[in-house]
Amino acid sequence: MPIKILVADDATFVRDMIKRTLRQMLHGAELYEAPDGAKARTLIKQKLPDLILSDWEMPGLSGEELLAWVRENPASASIPFIMITSRGD
């Protein structure tokens, strides 16, 4: 069974870069993408990914708020969650 990875970032070019890199490294991985935290939350409920890569700052529902929601829910609480950001400070 292939690994399922969710990439959540409001920047299309960042999502595309991450997905391209993952496809090169993890052949056959199922990749899902979300442009914001609310869409990511919906995909987590539907797909229950094995790994979540999330931007820190997203409109509507931030990465930090998404992480809190993931950890509060028994079905998703143990999913590894990696926070990403393009901020330099």
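Keep in mind the model is a prediction, meaning the values are calculated, not measured.
Although no hydrogens or angles enter the test, the distance criterion places a donor-acceptor pair under 3.5 Å between the side chain of D9 and the main chain of A11.
Here the closest heavy-atom approach between residue P2 and residue A29 is recorded as CB-CA, 4.4 Å. Across all non-hydrogen atoms, the minimal contact from D55 to E57 is OD2-O, 2.6 Å. The two residues F81 and S54 have their closest heavy-atom pair at CZ-CB, 3.5 Å.
Interatomic distance, H27 NE2 to I3 CD1, rounded to the nearest 0.5 Å: 14.0 Å. Rounded to the nearest 0.5 Å, atoms CG (L67) and CG (L61) are 10.5 Å apart. Atom CE in M58 sits 9.0 Å away from atom CD in E65 (nearest 0.5 Å). Between L26 atom CG and Q24 atom CD the span is 10.5 Å, to the nearest 0.5 Å. For the atom pair OG of S78 and CG of D50, the computed distance is 10.0 Å after rounding to the nearest 0.5 Å.
A 4.5 Å side-chain heavy-atom check between W69 and I44 finds at least one atom pair inside the cut-off. For the pair D10/D36, no side-chain contact is recorded, criterion being any heavy-atom separation below 4.5 Å from C-beta on. Side-chain contact between L22 and L53: present, with at least one pair of heavy atoms (C-beta onward) separated by less than 4.5 Å.
In the hydrophobic clustering of this structure, M25 groups with V14; members are Ile, Leu, Val, Met, Phe, Trp, Tyr whose side-chain heavy atoms approach within less than 4.5 Å, directly or through other members. V70 and L43 fall within the same hydrophobic cluster, where Ile, Leu, Val, Met, Phe, Trp and Tyr residues are linked whenever their side-chain heavy atoms come under 4.5 Å apart, directly or through other members. Cluster annotation: M83 is connected to I52 through the hydrophobic network of ILVMFWY side chains, with a link wherever side-chain heavy atoms come within less than 4.5 Å. A continuous path of Ile, Leu, Val, Met, Phe, Trp and Tyr side chains, each step under 4.5 Å between heavy atoms, connects L31 with I82, placing both in one hydrophobic cluster. Connection of I84 to L51 is established within a shared hydrophobic cluster, with ILVMFWY side chains joined at heavy-atom distances below 4.5 Å, either directly or through further cluster members.
The only member of K47, R15, R20, K39 that meets salt bridge (Lys or Arg N to Asp or Glu O under 4.0 Å) when paired with E33 is R15.
D16 meets the salt bridge (Lys or Arg N to Asp or Glu O under 4.0 Å) test with K19; sequence neighbours excluded.
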